[in-house]
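What follows is a set of notes on a single structure, which appears directly below.
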Amino acid sequence: PIGRTPRSNPATYVGAFGVFRDITQRKVAAQKLERRLAVEETLSRVLTRFLREVSLDEMLSESLAEIAELAGADRAYLFQVNHERGEVDCSHRWTGSGAVHEPSQKSTLPIRHFSWAFGKFAQAQTIMLDDVRELPEEASRERKVFVDRGVRALATFPIVVDGIVYGFVSFETFGESHHWKEDDRS
């Protein structure tokens, strides 16, 4: 019978037998489902903010923070493009300590510092790098900006309407490289 230890007599141990089942695939599937549920719950809360009577800045700040925490980012930014001035303005910033950058304290950067990235944005392409040092040679200016700021991994999502880049959301990590999950794209 299963569950009994074989013995030749009551005092002598002869061996053991059992049934083992590899549940690795089941565990991996359960982890993926848990992650997907967390993503869907976060998106639901973010979208619900649009229905609440809160200021747009408050809604954007709260949503940026929640998405960044879900993605495992250390910092997150929302940039708006000013095509007339050739600049991007950081309208919202979140850091891991929970401090949210107020819209009145904007940081402005020239678009020319991000020409490779804007080429990708113009094609509505997401940029996801587990290590910014993997940026191609044509992105050497961007690589220098990120490395000088201590950024290790980067995920950037353009905001494009009718082929015009209006802005982008960027998530950054520091320290060791960070593996962005496929769910982070959706």
Side-chain angles (χ1 to χ4, degrees), residues 1-52 54 58-79 92-101 116-117 120-121 123-136 139 142-143 146-147 149-160 167-186:
I2 294 179
R4 292 195 175 167
T5 304
R7 299 178 186 274
S8 60
N9 67 46
T12 307
Y13 173 74
V14 175
F17 63 91
V19 177
F20 297 95
R21 191 173 300 176
D22 184 0
I23 60 168
T24 304
Q25 289 180 334
R26 189 179 309 163
K27 290 282 193 184
V28 168
Q31 289 173 341
K32 286 182 179 181
L33 283 173
E34 288 174 12
R35 171 76 177 165
R36 188 69 204 163
L37 178 61
V39 168
E40 289 177 7
E41 287 174 344
T42 299
L43 289 175
S44 176
R45 284 190 300 274
V46 167
L47 294 173
T48 300
R49 285 190 184 103
F50 283 98
L51 303 175
R52 289 190 348 221
V54 297
E58 183 181 343
M59 186 274 304
L60 289 171
S61 295
E62 289 175 3
S63 298
L64 187 64
E66 192 163 354
I67 294 168
E69 288 174 346
L70 176 69
D74 296 316
R75 272 199 306 226
Y77 302 93
L78 172 60
F79 285 94
H92 296 79
R93 176 181 303 155
W94 173 86
T95 61
S97 64
V100 178
H101 179 67
W116 177 83
K120 299 289 186 187
F121 296 163
Q123 299 171 31
Q125 292 182 2
T126 298
I127 300 170
M128 293 187 80
L129 299 164
D130 293 343
D131 191 327
V132 296
R133 295 175 297 184
E134 297 170 0
L135 279 163
E142 285 97 332
R143 184 184 326 111
F146 294 129
V147 169
R149 291 182 45 242
V151 175
R152 188 60 181 266
L154 174 76
T156 303
F157 304 86
I159 301 167
V160 180
F168 56 95
V169 180
S170 187
F171 301 95
E172 301 172 343
T173 66
F174 304 95
E176 296 185 26
S177 63
H178 176 82
H179 178 68
W180 300 105
K181 296 173 179 58
E182 191 58 34
D183 286 345
D184 294 333
R185 290 184 186 270
S186 55

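Scope of the values below: all heavy atoms of this structure, side chains included, with no hydrogens, waters or symmetry mates.
- Rounding to the nearest 0.5 Å places CZ of F146 at 6.5 Å from CD of E172.
- The two residues L78 and L64 have their closest heavy-atom pair at N-CD2, 4.2 Å.
- Within the model, atoms CD of E134 and CZ of R143 stand 10.5 Å from one another, a figure rounded to the nearest 0.5 Å.
- Using cut-offs of 30° and 60° for the angle between ring planes, the F79 and F168 rings count as parallel.
- Atom CZ of R149 and atom CZ of R75 lie 4.5 Å apart (nearest 0.5 Å).
- Residue V169 comes nearest to I159 through the heavy atom pair CG2-CD1, 4.1 Å, listed as atom of the first residue, atom of the second, then distance.
- Between atom CZ of residue F171 and atom OH of residue Y77 there is a gap of 12.0 Å, rounded to the nearest 0.5 Å.
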Candidate pair M128 and L154, rule side chain to side chain contact (heavy atoms under 4.5 Å, CB included), full reasoning = CA-CA 6 Å; M128 293 187 80; L154 174 76; over 6 Å; no

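- In this structure, A73 and W94 approach most closely via the heavy-atom pair O-CZ3, 3.5 Å.
- Separating the CD1 atom in I127 from the CD atom in E142 is a distance of 7.5 Å, to the nearest 0.5 Å.
- The two residues P158 and T156 make their nearest non-hydrogen contact at CD-O, 3.9 Å.
- Summarising the geometry, atom CD belonging to E66 is positioned 8.5 Å from atom CD belonging to E62; distances are rounded to the nearest 0.5 Å.
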